[in-house]
Novice: 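Can you read through this structure? Questions will come right after.
For the numbers below, each heavy atom of this structure counts, side chains included, while hydrogens, waters and symmetry mates do not. Just so it is clear, the structure is predicted and the values come from calculations on it, not from any experiment. Chain letters run A, B, ... following the sequence lines, proteins first, then strands; residues in each count from 1.
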Amino acid sequence: MQLTKGEFSQFNLKSKMQLLNSDGILLFKKKVNEQHELQLFFIYNFFVEMFFNYYDNKAVNIEPVADEKRLAFYRHDDGWDDLKQIKFSEN
Amino acid sequence: MSKQNAIIDTVFQVATDAVNKGIAHLYTEDGQLFNNTIHLKGREVVNFGSCSYLGLEFDERMITASQEAVRNYGTTFAESRAYVSIRHYEELENLFGKIFSYPSLVAQTTTLGHIATIPVLVNDDDAIILDHQVHNSVHTAVSIVKSRGVKVEMVRHNRIDMLEDRIKFLRQRHSRIWYMADGIYSMYGDASPVNEVHELLNRYKELYYYVDDAHGMSCFGKNGCGSVLSQLPMHDRMILASSLAKGFATGGAVLVFPNKELAGKVRKCGSSFITSGPMQPCQLGAAIAAAKIHLTDEIYSLQDDLHENIKFANLMLKKYGLPVVAETDSPVFFVGVGLPKLGYNMVRRMLDEGYYLNLGIFPAVPIKNTGIRFTITRLHTFQQIENMIAAMAENFPKALREEEMTMEQIYHAFKMQSPEEKKMDTAIQSLFIKSELTVQHTNTIAEINKEEWNNLLGERGTFDWGGMKFLEETFSKNILPENNWDFDYVIIRDRANQPVLATLLTASLCKEDMLAPAAVSEQVEQIRQNGNPYYLCSKVLSIGTPLTEGEHLFIDKTSPLWKEAMRILLEKISELQEKYEAQSVLLRDFHSTDDEMDAFLIDNGYFKVTLPDNHYVEPLTWNNKEEFISRLTKNSRENFKRYIQRYEDKYEVEIACNPTMKEIKHWYQLYLNVKEKSLELNTFPLPFKLFENMAKHENWEAITFRLKPEFDTRTERKPIAVVFNYKTNTTYNFIIVGMDYHFLEEYKIYKQALYRLIMRARELNKQKVSLGFTTSFEKRKLGARIIPTTAYMQTKDNYNMAVLETMNRTAAVKI
């Protein structure tokens, strides 16, 4: 069953983790500083970013990607070409 | 048999059906439980019936505390709290004092908590207003104060406007008015409008609020104080009761009071604090551990997890388009299915799919509002919730097809707006429901073949072809609404054009207390006479008519299509119920027990009611009075000699012929005399037009009774009794009696009238006399055979029945 971005967003962090674990596909991980990385998921019909503290091994924030331009952050990562094939969903 | 017994019989039937279908009274097969799955009937299923909403029953701290308490204090401390309680009680009550910030008492169960509190706090001159759906345990406690004569009323569920109306009325007579409700209702999961109640508390100083928040405890609010206190502060005139056996995951109950004085009074005087056994040490140990958890921030994390699951369940139910009765943020969900047969089917299917859900059925909900009730706990995962709801959505249309029902019926039963797309499904589905039967439906007997009708139903009562024509002419175009009936006739035939089913229906305004005890009707009539003549009156669609008795439904049980014919009839009845805006449907009269028909009708949302017994005298094969007497029992012969024969020659008995208007008016007055005293079967008075029409109809016969001149010294010797009888080919049907009560006892009019009409029937060479309902003793003494009679009833809601039930208990007290 598909959720929309809005429906996904109404859940708390723990629930979003649960949804990503069961229905999401991890696409990229990108280190941003000594303790944190960004993880990009594809779930239902949209992209979700998780701000992850790998030092404490827990998610800090999980949000759907609002703007397609944000995906450019992952441009130089392996698999970028495949990523471009996926149509960005507004909802 | 009383109507209450009939309700118990229906509950028994419903429960037996559920047990036989393998969906109730089940036992887990697990040696151990440690999560939200259980083993039933050899397979593991996810349990969606648990009320342990926070999943605390497996918490190690609580299990350890429970074990320690048993180890230290034994399995039980078997002493009344009036004498000694183990110290855990004090600790626990102090902890609750912190949780609620108000004095609290711990009780063994919520029911015993209500029983301890309500009779102590409610005074004899108080009034109680119950929400229609308040939990049964509150009703149990209220019945104790009802027996003291406390005024008890009911208002429709969550109707605060009705509540306020009643407060305004009752405050003139009662210094305190208690409104009793649940915080979250246990079937539909909807919540009490506590903010509106709070406004009323502030507006009316007479109002007190007693609320059972069993399903809200732990799930909401600061320290898990519950759904009510999460929305409004404790009020001076509020008592809160909560269960510890649900979200709190132990056992027992807590009662919260606005001050120590009230708490102390209940503690000292509450019957279950004095005479019932205490909670066991294991429960108290666990409860203390649970209370400590509630006093930490951990409770909020537990609540969050639960609410996320509830949010997800609501979302899934919406996405899968299931008919949820009330969308709330409570952990209780109710998916409407309408009729019991679909409920049984769905619960069984879901068990096969690996999910255990509850069946919400009569008496917890009206029988036509059956549903699948399930609960969400913190232990469920999103995957489990989605898979369960997806399985329900997949099985729903299959079950609908099997039970030959539509979504439209369900939306209609629950007064929900059906989504447009569902109408398409209905249209498609109806194409698949083919029938080998044809239906003839008409609004007048004139369009029915006379011979066919009389062959099927003519000898069963006064509803032969001629009798129905008479009733149509009499009960139409009258001024009073109760004297205008709508008529419908249904004949269902097979391919060979043979009738499988035939019946007549009338829609008429009826008194809802018709079958209630006379003492209840007396109360209701007082209200009617005080300016509300149609109080507790509503349209009833009935098989039969208000004036006829007998088996009005012809059904050929030898036909393999009889159930299909019944199904079509019930569908037709549903349509007519909407057309006539009838509140109830009554299928009557059934003279014999038929388990198959019983089960069929209960599955289709009808419950059985007992009618007064019917009486027949047959066969009429005696040739004279002496032969008739000789066939009576010894006691009856004695009775006959003493009360009938002795007065026989005091009477002049005539078969009325061409009566004058003056005579008819006198007969009508005699009838009204009897009507005034007949509260056992309380109906509207028959119109004068009926008597005018009977006087000139060839099938109706009036027998009048005058006393001979030597026994009647009045200037005008008018009849002191009249009986109206309807003649069919084989049966003489006694329908109406009128009497002058001044002469009743001295001349035993009624007994004489019964005897004479039996003689008249023999004179006319009839095979049988139908003596109708009531006065069983008199009729048996004249050799009548008793025919127990039942009917099946369905109401749109059971609110009026519940109101009559509260009057019934009050009436029992006064008697």
Side-chain angles (χ1 to χ4, degrees), chain A residues 1-29 35-68 70 86-91, chain B residues 35-36 46 48 53-55 219-220 297-322 324 327-329 331 333 335 353-355 374 376-397 419 421:
Chain A
M1 174 54 66
Q2 301 267 347
L3 298 191
T4 64
K5 272 189 196 176
E7 287 164 352
F8 180 86
S9 298
Q10 69 182 273
F11 291 99
N12 65 17
L13 197 63
K14 197 171 166 184
S15 298
K16 285 173 184 170
M17 273 298 301
Q18 202 184 151
L19 289 168
L20 287 176
N21 283 339
S22 64
D23 297 332
I25 303 166
L26 176 63
L27 299 174
F28 296 112
K29 285 185 186 182
Q35 292 183 5
H36 298 93
E37 68 182 15
L38 273 171
Q39 296 180 8
L40 183 70
F41 290 83
F42 189 73
I43 186 171
Y44 307 124
N45 204 22
F46 50 89
F47 295 98
V48 169
E49 272 187 316
M50 180 191 307
F51 193 60
F52 189 79
N53 184 326
Y54 56 80
Y55 190 79
D56 293 333
N57 195 33
K58 66 178 185 184
V60 176
N61 195 20
I62 299 173
E63 289 300 334
V65 173
D67 189 340
E68 187 173 7
R70 175 74 191 143
I86 301 172
K87 189 171 176 200
F88 186 85
S89 168
E90 292 292 333
N91 299 312
Chain B
N35 61 17
N36 65 354
V46 181
F48 280 92
Y53 300 118
L54 299 186
C219 305
F220 301 90
D297 285 346
E298 186 183 348
I299 190 67
Y300 305 114
S301 163
L302 298 173
Q303 287 177 348
D304 278 348
D305 288 349
L306 171 65
H307 289 292
E308 289 293 286
N309 278 355
I310 292 169
K311 200 189 307 179
F312 188 75
N314 272 316
L315 187 60
M316 290 297 107
L317 285 167
K318 210 178 285 187
K319 283 193 175 289
Y320 280 97
L322 286 164
V324 180
E327 189 181 325
T328 69
D329 57 1
F333 292 81
V335 174
E353 293 278 0
Y355 306 101
F374 66 89
I376 293 293
T377 75
R378 186 184 67 90
L379 297 181
H380 289 117
T381 64
F382 281 5
Q383 202 66 59
Q384 285 175 331
I385 295 169
E386 183 180 355
N387 289 347
M388 182 274 286
I389 292 172
M392 207 188 303
E394 189 189 332
N395 280 277
F396 218 95
E421 53 268 29

Novice: Sort B:E386 into side chain, backbone, both or neither according to what part of it lies under 4.5 angstrom from a heavy atom of chain A.
Specialist: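 For B:E386, the side chain is the part near chain A, not the backbone.
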
Novice: Could you state the interatomic distance from NZ (A:K29) to CD (A:Q39), rounded to the nearest 0.5 Å?
Specialist: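 It is 5.0 Å, given to the nearest 0.5 Å.
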
Novice: Just jot down the salt bridge (charged side-chain N to carboxylate O under 4.0 Å, His left out) partners of B:E298, sequence neighbours excluded, or say none.
Specialist: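 With sequence neighbours excluded, B:E298 shows a salt bridge (charged side-chain N to carboxylate O under 4.0 Å, His left out) to B:R61, given in chain and number order.
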
Novice: Could you measure the distance from the CD atom of A:E63 to the CZ atom of A:R70? Nearest 0.5 Å is fine.
Specialist: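 Going from the CD atom of A:E63 to the CZ atom of A:R70 covers 12.0 Å.
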
Novice: Give me the one residue out of A:L38, A:I62, A:N57 that meets side-chain contact (heavy atoms from CB on, under 4.5 Å) with A:F52.
Specialist: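 One option only clears the test, and that one is A:N57.
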
Novice: Give the interface residues of residues 10-18 of chain A toward chain B, defined by a heavy-atom separation under 4.5 Å.
Specialist: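 Result: A:Q10, A:F11, A:N12, A:K14, A:S15, A:Q18.
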
Novice: Is the backbone of B:T328 close enough, under 3.5 Å, to the side chain of B:N314 for a donor and an acceptor to pair up by distance?
Specialist: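 Yes, because the side chain of B:N314 sits within donor-acceptor range (under 3.5 Å) of the backbone of B:T328.
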
Novice: Between B:M392 and B:Y320, does a side chain to side chain contact (heavy atoms under 4.5 Å, CB included) hold up when you go through it step by step?
Specialist: CA-CA 9 Å; B:M392 207 188 303; B:Y320 280 97; over 6 Å; no

